[in-house]
Amino acid sequence: MSRPVPAIVILGNGSLATARKIQQVYPGALIHGLAERVEGADRVYHEFGATLREFYQQDLPIIALCAAGIVIRTLAPLLLEKGAEPPVLAVAEDGSAVVPLLGGLGGVNVMAREIAAGLDVSAAITTSGELRFGTCLLNPPSGYTLGDLELGKRFVSDLLAGQQVRIEGAAPWLAQAQLPEDPEAPLSIHIGSAERAPAANELMIYPRSVLVAVSGEITQVPSAIRAALRQANIAVQSLACLLASEQQMANPALREAALELGVPLRFASVGGDVSELARHALPDAAIVSQGNGLAIALASQPLDLAQIGRARGRLAVIGLGPGAAELMVPAVKAELARANDVLGYETYVRMAGPFRADQVLHCTDNREEMQRARHAFELAAQGRSVVVVSSGDPGVFAMAAAVLEALHESSEPSWHSVDLEILPGVSASLATAAQAGAPLGHDFCVMSLSDNLKPWAIIEKRLDLASQADLALAFYNPISRSRPWQLGRALEIVAQHRTAETPVVLGRDIGRPGQTLRVITLGQLTPDQVDMRTMVLIGSSTTCIFPRAEGGQWVYTPRWYGDKPAS
Ligand code: SAH
């Protein structure tokens with residue numbers, strides 16, 4: 001598995017040059033700069049401690065350009081809670097020192113060496129085993145799994161105490177380490193895929209060299225696989241991936257089985273049974289067992305998964321929220337990080353960035369929604385990880401419905417097999433309401449005033465009924481150059497059912513640079529105060545306002561209706 005891209009965190013402009021050098025070591029890593037202190041970072045954060053702790057909890061490798069002590073104190077409260085931890089490093093502002101702090105098993109020393117090489121200094125490695133042997137035995141490279149961590153720790157401390165070791169089996173990376181080897185040594189490192197208990201003084205390392213081809217018919221997939229492996233005398237730690245036919249792509253049992261076994265699930269389009277699938281994927285491997293809907297292939301080397309079938313494609317329709325990074329949900333951030341392709345209206349795609357050089361951006365005009373949705377399926381059906389971006393929430397006058405419509409209209413099986421997920425965002429009405437107080441605190445109605453995709457007559461009817469029903473109103477797409485008169489007409493209809501004193505909130509570019517928030521009344525509202533970047537919230541008969549201590553007004557609609565309940 002590839003390591004996640006690290007977060008580079010800086011506190012002042014003085015570290016920017018060093019941060020950029022580190023970024024060259026990890027293309028795609030973002031530089032996070034403290035608001036008002038750093039100019040020109042890729043992302044802005046407001047609170048150092050909270051930001052660092054959030055990254056740590058998300059398992060992101062952290063490179064902090066500040067004193068090691070600051071990083072230690074910041075993360076200290078979290079240290080005991082966590083089993084596996086991400087690499088955390090402190091780097092001197094001027095790039096003169098690289099100190100790995102946490103994440104020894106996550107490869108922090110490897111990173112420290114990489115960064116130090118990029119900065120032309122030497123890393124402050126303090127791990128004895130690593131110093132002595134030049135590799136961390138407890139953290140084998142991808143393609144290999146350590147049998148038992150506790151045993152491993154004891155093993156390394158025996159080696160450090162001066163014992164010799166012999167190596168059984170092939171592992172090129174171990175050959176490069178400077179281990180005190182002796183063919184007669186009592187300690188041994190065994191590299192192999194056989195299932196057995198370790199002998200005394202033996203450290204087992206498993207190559208991930210086994211593929212299991214699975215049919216879609218079997219039940220209890222994980223236990224069937226475990227049993228078949230046991231029977232074939234193969235350790236489950238050597239399992240590298242599951243392989244199924246492309247017709248099984250949307251099969252939830254296989255997906256769950258792969259998750260439970262902790263291995264990727266790949267798909268191939270090969271006719272015939274599971275042995276045929278396995279043989280086709282690994283022509284040089286031995287088929288060690290077949291039957292009952294499973295075939296086990298054992299290769300002599302760790303498997304290169306990129307060469308085996310392909311992954312199930314993924315399509316996520318995401319909501320960015322109104323604009324500010326803090327208002328983007330973490331699941332959306334994670335989705336953007338894993339994306340191969342990003343599609344959307346150019347403004348929103350730019351808002352979702354910055355992106356890595358390997359991520360492909362497909363920017364299109366705002367009106368080409370169905371075409372964009374179909375393009376997204378074409379890409380995802382090739383096995384890519386595709387993101388379609390919307391502002392706010394993707395289900396509110398945005399791309400989610402277009403994507404589902406495209407799928408509904410299609411009879412292409414490869415589109416229906418795509419792993420499709422909609423990830424929500426903070427919609428403009430909610431972001432605007434929150435800034436004003438709670439104008440949508442009771443029943444409310446959300447409408448788009450655009451008559452591009454629906455007749456104006458239906459808009460008038462809904463406006464009339466919603467106003468009559470005394471719902472608070474939230475207007476999206478209130479006005480545009482091609483729709484100049486519609487808002488005026490809408491306000492006339494609302495005014496038939498609401499008094500001129502009804503509070504109105506106008507939020508423009510909320511959560512974006514230059515945002516404005518105004519609280520006025522329905523009597524004061526004219527269409528020239530509103531543009532297409534504005535959210536219009538109109539109160540109900542119970543919506544009220546009162547002054548805020550810092551100036552301006554609070555607006556809210558009480559939770560009750562009719563007589564105020566006794567409190
Ligand atoms: N999916 C989006 C809405 C798309 S419709 C969401 O959930 O927010 C576009 C309309 O949303 C705009 O015409 C405007 O009325 C409103 N809007 C979107 N972003 C906004 C923002 N940051 N501030 C105010 N209004 C916004």
Side-chain angles (χ1 to χ4, degrees), residues 316-329 331-332 335 342-352 364-370 372-373 376 387-405 422-437 439-440 444-454 459 462-463 472-488 490-491 494 504-520 525 527-538 555:
V317 191
I318 61 158
L320 298 174
E326 305 93 89
L327 293 183
M328 192 190 285
V329 307
V332 165
E335 197 64 47
V342 181
L343 289 81
Y345 178 46
E346 189 171 354
T347 313
Y348 302 148
V349 171
R350 223 179 297 125
M351 215 156 92
T364 42
D365 192 82
N366 214 3
R367 297 187 174 235
E368 296 161 9
E369 281 150 347
M370 288 310 291
R372 182 187 303 149
V387 163
V388 171
V389 293
S390 286
S391 80
D393 183 273
V396 179
F397 311 121
M399 283 305 297
V403 163
L404 286 165
E405 191 180 330
I422 321 293
L423 297 176
V426 177
S427 192
S429 57
L430 305 182
T432 304
Q435 292 209 359
L440 307 179
F444 65 98
C445 170
V446 166
M447 284 186 65
S448 166
L449 295 194
S450 167
D451 56 353
N452 288 341
L453 298 171
K454 61 186 167 184
I459 299 179
R462 288 178 178 178
L463 278 168
L473 305 169
F475 293 160
Y476 288 75
N477 301 313
I479 199 164
S480 78
R481 235 175 286 138
S482 58
R483 296 182 285 106
W485 56 264
Q486 284 86 337
L487 177 61
L491 295 177
V494 176
V504 167
V505 178
L506 300 179
R508 183 171 191 273
D509 280 341
I510 292 299
R512 300 180 190 171
Q515 68 161 34
T516 59
L517 185 83
R518 298 175 59 200
V519 178
I520 56 172
L525 176 58
D528 59 307
Q529 296 160 303
V530 174
D531 67 7
M532 61 186 290
R533 283 146 66 182
T534 309
M535 182 76 231
V536 180
L537 303 180
I538 300 178
V555 186

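Read the numbers this way: they start at 1 and go in the same order the structure lists the ligands and their atoms.
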TODO: Dump the intermediate steps for side chain to side chain contact (heavy atoms under 4.5 Å, CB included) on Met399 and Tyr345, then the final yes or no.
DONE: CA-CA 10 Å; Met399 283 305 297; Tyr345 178 46; over 6 Å; no
Task: Ser390 N/O under 3.5 Å from ligand 1 N/O - done: no
Task: Nearest-neighbour protein heavy atom for atom 12 (C) of ligand 1, which is reported as residue plus atom name and distance - done: Met532 O, 3.1 Å
- [ ] Identify the protein heavy atom lying closest to atom 4 (C) of ligand 1, giving its residue, its atom name and the separation to 0.1 Å.
- [x] Phe397 O, 3.6 Å
- [ ] Within a distance under 4.0 Å of any heavy atom of Val396, pick out the atoms of ligand 1 and give their elements.
- [x] 1 (N), 2 (C), 3 (C), 4 (C), 7 (O)
Task: Closest approach of any protein heavy atom to atom 23 (N) of ligand 1, naming residue and atom - done: Ile510 N, 2.9 Å
- [ ] Start with the C-alpha distance between Ser482 and Ser480, add both sets of side-chain angles, then the distance that settles side chain to side chain donor-acceptor pair (under 3.5 Å), and finish with yes or no.
- [x] CA-CA 5 Å; Ser482 58; Ser480 78; 3.2 Å; yes
- [ ] Evaluate the side chain to side chain contact (heavy atoms under 4.5 Å, CB included) criterion for residues Arg372 and Glu369: first the C-alpha distance (whole Å), next the side-chain angles of each, then the deciding distance (0.1 Å), finally the verdict.
- [x] CA-CA 5 Å; Arg372 182 187 303 149; Glu369 281 150 347; 4.2 Å; yes
TODO: Tell me, please: is Gly323 in heavy-atom contact with ligand 1, that is, under 4.0 Å?
DONE: no
- [ ] Quick one: look up the protein heavy atom nearest atom 19 (N) of ligand 1 and list residue, atom name and how far away it is.
- [x] Arg512 NH2, 3.3 Å
Open item on the list: Whether the side chain of Thr432 engages the backbone of Ser429 through a donor-acceptor N/O pair (distance < 3.5 Å, no angle test) should be reported.
Closed with: no
Task: Shortest non-hydrogen separation from Arg483 to Asn452 and the atoms involved - done: CD-OD1, 4.2 Å
- [ ] Could you tell me which non-hydrogen atom of Leu463 sits nearest to which non-hydrogen atom of Ala490, and how far apart they are?
- [x] CD1-CB, 3.5 Å
Task: Closest protein heavy atom (residue, atom, distance) for atom 11 (O) of ligand 1 - done: Tyr476 CD2, 3.3 Å
Task: Heavy atom of the protein closest to atom 2 (C) of ligand 1 (residue, atom name, distance) - done: Ser391 O, 3.2 Å
TODO: Report the part of Ala428 (side chain from C-beta onward, or backbone N, CA, C, O) that has a heavy atom under 4.0 Å from ligand 1; answer both or neither where that applies.
DONE: both
TODO: For ligand 1, note which part of Asp509 has a heavy atom under 4.0 Å away: side chain, backbone, both or neither.
DONE: backbone
- [ ] Report the distance from atom CG of Leu506 to atom CD1 of Ile538, rounding to the nearest 0.5 Å.
- [x] 9.0 Å
Task: Residue pair Ile459 / Gln486, side-chain heavy-atom distance below 4.5 Å - done: no
Task: From Thr516 atom OG1 to Asp509 atom CG, the distance as rounded to the nearest 0.5 Å - done: 7.0 Å
Task: Full working for side chain to side chain contact (heavy atoms under 4.5 Å, CB included) between Tyr476 and Ser427 - done: CA-CA 10 Å; Tyr476 288 75; Ser427 192; 2.4 Å; yes
Open item on the list: What verdict does the side chain to side chain contact (heavy atoms under 4.5 Å, CB included) test give for Val505 and Leu517, after you've listed the backbone C-alpha separation in whole Å, the side-chain angles of each residue and the deciding distance to 0.1 Å?
Closed with: CA-CA 7 Å; Val505 178; Leu517 185 83; 3.8 Å; yes
Task: Enumerated ligand 1 atoms positioned under 4.0 Å from heavy atoms of Ser427 - done: 6 (C), 7 (O), 8 (O)
- [ ] Measure the distances from the heavy atoms of Gly511 to every atom of ligand 1 and state whether one is below 4.0 angstrom.
- [x] no
- [ ] Indicate, as side chain, backbone, both or neither, the part of Arg533 found under 4.0 angstrom from ligand 1 when only non-hydrogen atoms are considered.
- [x] backbone
Task: Closest approach of any protein heavy atom to atom 5 (S) of ligand 1, naming residue and atom - done: Asn477 OD1, 3.5 Å
Task: Among Val536, Thr534, Leu327, closest by any non-hydrogen atom to atom 14 (C) of ligand 1 - done: Thr534
Task: Numbered atoms of ligand 1 (with element) below 4.0 Å of Ala398, judged on heavy atoms - done: 1 (N)
